Amino acid sequence: MYKTQHKGVRMKQSKLAAERRIQVCACLVIAFILLAVHFVIPDFYGTLLTLTMAGNVQGLTDYILSFGYGAMAMSILMILLTNMTGLPSLPFLIVNGLIFGLVPGIVVSWIGEVLGNITGFIVMRTVFRDFAGRLIAKNKRFNRIDSYSSFRNVLIARSLPYTPNVLLTALMASSSVSFADHALATFIGKLPAVAIEVLFGHDLVYIRENADRLLAVLILCLAGYGIYRWKKKCR
């Protein structure tokens, strides 16, 4: 009996150690990429911060287009960084819809959001894992949050448009949800959220040409939310 328990503990410790090594390696790779960007494009981070905080859509448009054929890759990188740091990513989603068109803009924005959320999750769980575990164990409110840490709930949270990505990522990284469940739920859930955000941003800029579509999508979103709340209340 004792040997069986001891073996189970060792296997669990070995699994945790392997997961920690993977996370640390991922953080080192991320740090290397960020430093490489700084050396290749010295003004990148300063420009990103200034334009994003100002919500300067035209400035972001001009800056992204200045990279020519690399514009899509740079837009993905910018969205990734905003999702990791808590800077607003919405201006980039609007810009992508304007520069690349609706469908390509949605795809580019979706890739950036997924990569940013997953990267942020890895960093937060690696750096703050022990602290978060102690906090959850001591705090009843965090315990209640942790009880909702499932693939389904992460999927619903990521599917909601205009939600604060970095806050959601921090809560999920502090919970017991697995990396695989979070990654898959983010991959699926961010697509409808990003599609709505890009579509709304694009159609608001060109509201004269797209007023009917904007109104129709808004009605569908409100109807969907109403049905969800009604079903939840009936349970």
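All values derive from a computational prediction rather than experimental measurement.
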Quiz prompt | Residues which pass side chain to side chain donor-acceptor pair (under 3.5 Å) with Asn56, listed by chain and number, not counting sequence neighbours | solution =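 Testing Asn56 for side chain to side chain donor-acceptor pair (under 3.5 Å), a comparison that skips the adjacent residues, returns none.
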Exercise. Go through the structure and list residues passing side chain to side chain donor-acceptor pair (under 3.5 Å) with Thr169, not counting sequence neighbours.
Key: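 By the side chain to side chain donor-acceptor pair (under 3.5 Å) rule, Thr169 matches Arg158.
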Over all atoms of both residues, closest heavy-atom pair of [X] and [Y]:
{"X": "Ser89", "Y": "Asn165", "answer": "OG-ND2, 4.1 Å"}
{"X": "Asp43", "Y": "Thr47", "answer": "O-OG1, 2.8 Å"}
{"X": "Ala157", "Y": "Met172", "answer": "CB-CE, 3.8 Å"}
{"X": "Met84", "Y": "Val123", "answer": "CE-CG2, 4.4 Å"}
{"X": "Met124", "Y": "Ala173", "answer": "CB-CB, 3.7 Å"}
{"X": "Leu48", "Y": "Thr52", "answer": "O-OG1, 2.5 Å"}

With rounding to the nearest 0.5 Å, note down the distance linking [atom1] in [X] to [atom2] in [Y].
{"X": "Leu155", "Y": "Leu184", "atom1": "CG", "atom2": "CG", "answer": "8.0 Å"}
{"X": "Ile196", "Y": "Leu93", "atom1": "CD1", "atom2": "CG", "answer": "12.0 Å"}
{"X": "Ile99", "Y": "Phe92", "atom1": "CD1", "atom2": "CZ", "answer": "10.0 Å"}
{"X": "Ile156", "Y": "Ser150", "atom1": "CD1", "atom2": "OG", "answer": "7.5 Å"}
{"X": "Thr186", "Y": "Ile118", "atom1": "OG1", "atom2": "CD1", "answer": "5.5 Å"}
{"X": "Asn153", "Y": "Asp181", "atom1": "CG", "atom2": "CG", "answer": "11.0 Å"}

Practice problem: Start with the C-alpha distance between Ile106 and Leu199, add both sets of side-chain angles, then the distance that settles side chain to side chain contact (heavy atoms under 4.5 Å, CB included), and finish with yes or no. | Solution: CA-CA 8 Å; Ile106 289 171; Leu199 180 64; 5.5 Å; no
Practice problem: Compare all side-chain heavy atoms of Ile94 with those of His202 and state whether any distance is below 4.5 angstrom. | Solution: no
Which donor-acceptor pairs under 3.5 Å do the side chains of residues 26-38 make with protein atoms, sequence neighbours left out?
none

Quiz item: Given the rule that I, L, V, M, F, W and Y join up when any side-chain heavy atoms are under 4.5 Å apart, are Tyr63 and Val40 in one cluster?
Solution: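 Same hydrophobic cluster.
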Quiz item: Same hydrophobic cluster for Tyr162 and Val95, using side-chain heavy-atom links shorter than 4.5 Å among ILVMFWY?
Solution: yes
Quiz item: Does Ile79 offer a backbone N or O that forms a donor-acceptor pair with the side chain of Thr82 under 3.5 Å?
Solution: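 At least one qualifying donor-acceptor pair exists.
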Quiz item: Backbone N or O of Ala185 within a donor-acceptor pair of the Arg152 side chain at under 3.5 Å?
Solution: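 No; zero donor-acceptor contacts below 3.5 Å.
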Quiz item: For Leu87, what are the other residues in its hydrophobic cluster, where any two members join if their side-chain heavy atoms are less than 4.5 angstrom apart?
Solution: Leu49, Met53
Quiz item: Can you list every salt bridge (charged side-chain N to carboxylate O under 4.0 Å, His left out) pair that touches residues 91-113, not counting sequence neighbours?
Solution: Glu113-Lys190
Exercise. Can you establish whether the number of heavy atoms outside Phe187 located under 6.0 Å from its atom CZ is more than 12?
Key: no
Exercise. Evaluate the criterion side chain to side chain contact (heavy atoms under 4.5 Å, CB included) for residue pair Trp110 and Val198; output intermediate values, then yes/no.
Key: CA-CA 10 Å; Trp110 173 59; Val198 174; over 6 Å; no
Would you give me the side-chain donor-acceptor pairs under 3.5 Å for residues 70-77, sequence neighbours excluded?
from	atom 1	to	atom 2	distance (Å)
Ser75	OG	Asn96	OD1	2.6
Ser75	OG	Asn96	ND2	3.1

Quiz item: Taking the six-membered ring for Trp, are Phe179 and Phe121 parallel (under 30°), tilted (30 to 60°) or perpendicular (over 60°)?
Solution: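 Judged by the thresholds at 30° and 60°, the geometry between Phe179 and Phe121 is tilted.
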